Amino acid sequence: MSRFQDGPPAEGYAPVRFQRRLPTRGPPMGVIVLGLGAMMGFGWYRLAQSNQEQREAKREVRAARLAIAPFLQTEDDLIQSYLLRETTKLEAVVMSEVPGWEAGKSVYNGNRYLPPTIRLF
């Protein structure tokens, strides 16, 4: 029994394909980048529109508040004058026994009017 080593064929073996040949999946990178850029641009556009609408709504509320401010100030002045009258009457009753006390007279030495800093109600 003769022993011999098995060798390659004389014409050689067929080349072995070892490179991966995977099919491309999905769109090219440029299309993805352009699509994301377009979506982001649209989002920024809508954000700017929303900010303009909110700014306009705030401007409208501010204008409405400025329009009714004189009426609110008048109402507050009426309430304050009523409370000042009532407080002066109460002061006259309470301090009636103190000689030289004038009800409603300012305790300060100046002539300048200072609105009450403490709400009476």
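The structure displayed is predicted, hence computed values, not measured ones.
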Which heavy atom of Glu102 sits nearest to which heavy atom of Glu91, and what is that distance? O-OE2, 4.3 Å

How close do Gly7 and Tyr13 get, heavy atom to heavy atom, and via which atoms? O-OH, 4.4 Å

CA sep, side-chain torsions, deciding dist, call: Lys89, Glu86, side-chain contact (heavy atoms from CB on, under 4.5 Å): CA-CA 5 Å; Lys89 287 179 188 175; Glu86 293 299 316; 3.7 Å; yes

Hey, are the side chains of Leu84 and Ser81 touching, using non-hydrogen atoms and a 4.5 Å cut-off? no

Sorted by chain and residue number, the side-chain contact (heavy atoms from CB on, under 4.5 Å) partners of Val93 (sequence neighbours excluded) come out as none

Would you compute the distance between atom OG1 of Thr87 and atom CD of Gln80 and round it to the nearest 0.5 angstrom? 9.0 Å

For the CG atom of Leu78 and the CG atom of Leu83, what is their distance to the nearest 0.5 Å? 11.0 Å

With a cut-off of 3.5 Å and sequence neighbours excluded, list every side-chain donor-acceptor pair involving residues 39-50.
residue: Tyr45; atom: OH; partner: Gln49; partner atom: NE2; Å: 2.7
residue: Arg46; atom: NH1; partner: Gln49; partner atom: OE1; Å: 2.7

Any link between Val94 and Val98 through a network of hydrophobic side chains (Ile, Leu, Val, Met, Phe, Trp, Tyr) touching at under 4.5 Å? yes

Please report the C-alpha distance between Leu72 and Glu75 in whole Å, then the side-chain angles of each, then the deciding distance to 0.1 Å, and finally whether the side-chain contact (heavy atoms from CB on, under 4.5 Å) criterion is met. CA-CA 5 Å; Leu72 295 175; Glu75 182 182 10; 4.1 Å; yes

What pairs of donor and acceptor atoms, side-chain ones from residues 54-61 against any protein atom, are under 3.5 angstrom apart with sequence neighbours left out?
residue: Glu56; atom: OE1; partner: Arg59; partner atom: NH1; Å: 2.7

